[in-house]
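Accompanying notes for the structure given below.
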Amino acid sequence: TVQGVGFRPAIYRIATNLGLNGWVINDPQGATMEIEGPAEVIDDFVGRLPEELPPLARLERVEREEREPVGEEGFEVRSSTLGRREGALVPPDAMLCDDCRREMEDPFDRRFHYPFTTCTNCGPRFSLVHSLPYDRERTSMGCFPLCSECAREYTDPSDRRFHAEPVACPKCGPKLWLADEKGLTLDVAEGPLAGARDELLGGRIVAVKGLGGFQLACRADSSEAVNRLRRRKKRFGKPFAVMVRDLETAKLTVDLDSASEALLLSPRAPIILAPRLNDSSVAPEVAPGLDDLGVMLPTTPLHVELLRDSEMPPLVMTSGNLSEEPLRRGNREAMEGLSGIADCFLLHDRDVVRRLDDSVVRTSPRGPVLVRRARGWVPEPLGLPVSAPRVVVATGGHLQVTACVAQDEQAFLSQHVGDLDSVPAREFLAEVIEGLLDFLQVEPELIVADAHPDYPSSWFARSLGDRYGAEVVAVQHHLAHISAVLGEHGRFPGEGDRCLGIALDGTGWGPDSTAWGGEWLSLAGDLSWHRLGHLESLPLVGGESAVREPWRVAVAALEREGRGELIALTPLATQIDDTRLATMRQLATDTGWPMASGAGRVFEAAGALLGVGETNRWEGEAAARLEALATLAGDKPEPWPGPGIVDREGSPLMPSSLLLVEVAQRAAAGETPASVAAGFHSTFCRLAADLTAKVSGDARGVVALGGGCMINRILSNGLAENLEELGFEVLSPRHVPAGDGGLSYGQVVLAAVAAARGLKPRQKSD
């Protein structure tokens, strides 16, 4: 990553400091330079290069070739060379840097309080670039001619803003204005930012045009404002993130460890999910029923100005869309789509080229874990265990969708797309894939889809194959989860090797046409894979209704074990009327209901029994509330002595129904819900480790942990500890989302390995 990061000025400074001659240029490969001078001085230059890179630069490879001197005099930065991209990249969008922040605070600086201040070390990149090489005319800043002062900075190799493509100032840069819900400009004497602050302080909702699209903001300390935003946005129960003025305020809001503090202050500046502090001013309605709260710092100068007022409380800062639709990008699009939500609009005239939501990271005892990968990470490439012999495109699954493009030894995981339940979301997936292909200047030769035949992402993969004449292959959902973890850690099995993986999530299509989700898989270097064990399958009474109402799964599990009488003694009985419970108990004895082995279903059912989540308003809500309940118990309890590994359904498995019976028995005996929730987590982790030991025999090798349930802090840490105590080496997701946001990366990893080795993944039943 050597374009748009101040790489050429850094080269210029090192070379001139050493008295070397030559030039440096941006080109389709990245950057090329010619350096002339005494051999020992050139060696000094090569040694200093990686140590003096600008903050956003990333140097993966330097190819050095000795040439006969041609008599260059002095050193110059030359104009970019056009051509088909071969290796050049731009960095992700980056948070406002300290130097620009100081200029904004200086009343004598011409960028005092200017909400579009930026330099080579910060600001928008991927969200505003049309194509490579990364030059101003190929960004959305191309329509803003530079004033004389900005032009001087832009053309001076010794200046921090040399070839900073978004460079601007109040004279020549983008302009802000405030509009009402009908699009009419509001005349505010103190300016649009002051007007927006007044609206927020008054409890109203403001749509803010951010780096990668619109955001919706309101006071986070006002239950009334938060509930109004929920109603209008149709986002019921799902947590919001909040933006706070500075790190000190963040530390008064959530419990941050040092690694999370560093991430908040880094150029990536994600939302950090961390345990909420009791005396926080944030209203409970921001993240109802959860222990964690998402906190972020001002990521752009516009956000800094919005929070400048000392009276401004933390702000809810959420995606500018109707729930489950794509982020709104342009002014007109926002006015059409958000006019029923926002009371006013803080607009500007710089176009957003690519929609980018905020990235989300969760704190963990083993280090921060990426939950959603978008701004700050995209388009930074991930590694592959092999060099892909063909351009591979993967379309992900159905929920939390991302796409991925693999070329040579790199995989480009797209920004978060979201769930594909709506037509606009499906159109966004197409937009993201076409945008990646255009950005990388490649065409797909191999396309990978989820094995579920009716996912919209699978439909799109087939249509993409028809369009480009490319081969389309399907990869089993949980195999992709495991491949993502192995690929991230560079531990994909070679010839004669075998790795074990545990994939725990809600639902994924199984080869037997049932819903999988609690899987113990082995994967060999010849790409043969086995289902060694799994969670016991439970009936989904009512089909998809059981996913939305996990109490149905809980009732069915207890009835299956002949312990339905316990239901009346659990907190669940206070939330579901007797008639519905009786009907469900009767229906649960019927055969023919779809069966599911998903770990998410088991956690949600336990939450329903304990009274924290009889209905899911958003995916995994009951399981998330169960985790929050377990944190109230304090110290980690010992696992329950009851359930053990059983042999049913033709293989060893964890007894989901017996585990839920144990939850009901303890709740019925008067044990506190928090204590039961904590014991459930401990017991699940112990059982999962026991099953791993049983299916692996005497072998104690690598175990990769994947799937959306691994976002659960108690589960992921507890399972890893139990496995390590048994002698396993545990690989956990870190830089790739554990959930379905990392699925497309796992798909391209497996497809790239298969293409490189001339093999096809195949399930073996023995």
Side-chain angles (χ1 to χ4, degrees), residues 93 96 100 103-104 107 109-118 123-124 127-128 139-147 149-150 166-219 225 229 232 243 298-309 311-312 315-321 327-356:
D93 292 20
L96 181 72
C100 285
E103 291 171 344
M104 291 177 62
D109 193 282
R110 64 195 186 92
R111 293 187 174 89
F112 180 56
H113 289 187
Y114 181 55
F116 300 97
T117 301
T118 183
S127 63
L128 59 67
T139 73
S140 58
M141 289 298 295
C143 60
F144 294 94
L146 292 168
C147 67
E149 292 173 286
C150 286
V167 66
C169 75
K171 285 184 181 178
C172 62
K175 301 291 192 294
L176 275 177
W177 67 95
L178 191 66
D180 65 15
E181 69 274 12
K182 296 179 180 178
L184 300 175
T185 301
L186 297 172
D187 186 14
V188 183
E190 296 81 9
L193 276 163
R197 287 193 290 264
D198 287 343
E199 292 288 312
L200 289 166
L201 287 169
R204 287 172 285 278
I205 299 167
V206 178
V208 180
K209 191 175 186 181
L211 274 184
F214 277 80
Q215 297 168 302
L216 292 165
C218 74
R219 296 182 66 128
L229 177 57
R232 293 183 183 180
M243 181 176 282
T299 53
T300 71
L302 177 56
H303 291 123
V304 169
E305 293 304 318
L306 207 56
L307 284 154
R308 182 171 292 282
D309 193 315
E311 296 181 6
M312 187 66 69
L315 298 175
V316 166
M317 195 65 69
T318 188
S319 306
N321 55 8
L327 202 63
R328 299 287 170 161
R329 180 175 59 180
N331 292 348
R332 186 175 302 153
E333 181 186 342
M335 294 300 307
E336 292 172 355
L338 305 179
S339 58
I341 304 175
D343 297 304
C344 63
F345 293 76
L346 188 58
L347 304 172
H348 60 75
D349 52 356
R350 184 180 70 197
D351 289 341
V352 175
V353 176
R354 289 182 171 83
R355 303 174 211 263
L356 277 176

Do you know the tightest heavy-atom contact between [X] and [Y]?
| X | Y | value |
| --- | --- | --- |
| R111 | A168 | NE-O, 2.9 Å |
| L96 | C100 | CD1-CB, 3.5 Å |
| L176 | P115 | CD1-CG, 3.6 Å |
| R328 | A334 | CB-CA, 4.1 Å |

At what distance, to the nearest 0.5 angstrom, does [atom1] of [X] lie from [atom2] of [Y]?
| X | Y | atom1 | atom2 | value |
| --- | --- | --- | --- | --- |
| C169 | E103 | SG | CD | 11.5 Å |
| L229 | C218 | CG | SG | 5.0 Å |
| M312 | L306 | CE | CG | 6.0 Å |
| L315 | Q215 | CG | CD | 10.5 Å |
| L347 | L178 | CG | CG | 8.0 Å |
| M141 | T118 | CE | OG1 | 9.0 Å |

- request: State, yes or no, whether a side-chain contact exists between R110 and C150 at a heavy-atom distance under 4.5 Å.
  value: yes
query: Is there side-chain contact between F112 and P107, with at least one heavy-atom pair below 4.5 Å?
result: yes
L128 and D351: CA distance, side-chain angles, deciding distance, side chain to side chain contact (heavy atoms under 4.5 Å, CB included) verdict: CA-CA 7 Å; L128 59 67; D351 289 341; over 6 Å; no
Set of residues satisfying side chain to side chain donor-acceptor pair (under 3.5 Å) with respect to [X], sequence neighbours excluded:
| X | value |
| --- | --- |
| R329 | none |
| T318 | none |
| T139 | none |
| S319 | D357 |

- request: Quick one: which residue pairs count as a ring-ring contact (aromatic ring centres under 6.0 Å, His included) with a foot in residues 169-190, not counting sequence neighbours?
  value: none
Taking only distance into account, with no hydrogens and no angle test, what donor-acceptor pairs under 3.5 Å do side-chain atoms of residues 192-211 form with protein atoms, sequence neighbours excluded?
from, atom 1, to, atom 2, distance (Å)
R197, NH1, E305, O, 2.5
E199, OE1, R204, NE, 2.8
K209, NZ, N331, OD1, 3.1
K209, NZ, H348, O, 3.2
K209, NZ, R350, O, 3.0

- prompt: Which residue pairs pass the salt bridge (charged side-chain N to carboxylate O under 4.0 Å, His left out) test with at least one member in residues 332-347, sequence neighbours excluded?
  reply: R232-D343, E333-R355
- line: residues 168-187 vs salt bridge (charged side-chain N to carboxylate O under 4.0 Å, His left out), sequence neighbours excluded, gives E149-K171
query: Would L216 and V316 satisfy side chain to side chain contact (heavy atoms under 4.5 Å, CB included), going step by step from the backbone distance to the final call?
result: CA-CA 8 Å; L216 292 165; V316 166; over 6 Å; no
Residue list, ring pair (Phe, Tyr, Trp, His ring centres under 6.0 Å) with Y114, at least two apart or on another chain: F116
- request: Decide side chain to side chain contact (heavy atoms under 4.5 Å, CB included) for V304 and T117; before the verdict, give the C-alpha distance in whole Å, the side-chain angles of both, and the deciding distance to 0.1 Å.
  value: CA-CA 11 Å; V304 169; T117 301; over 6 Å; no
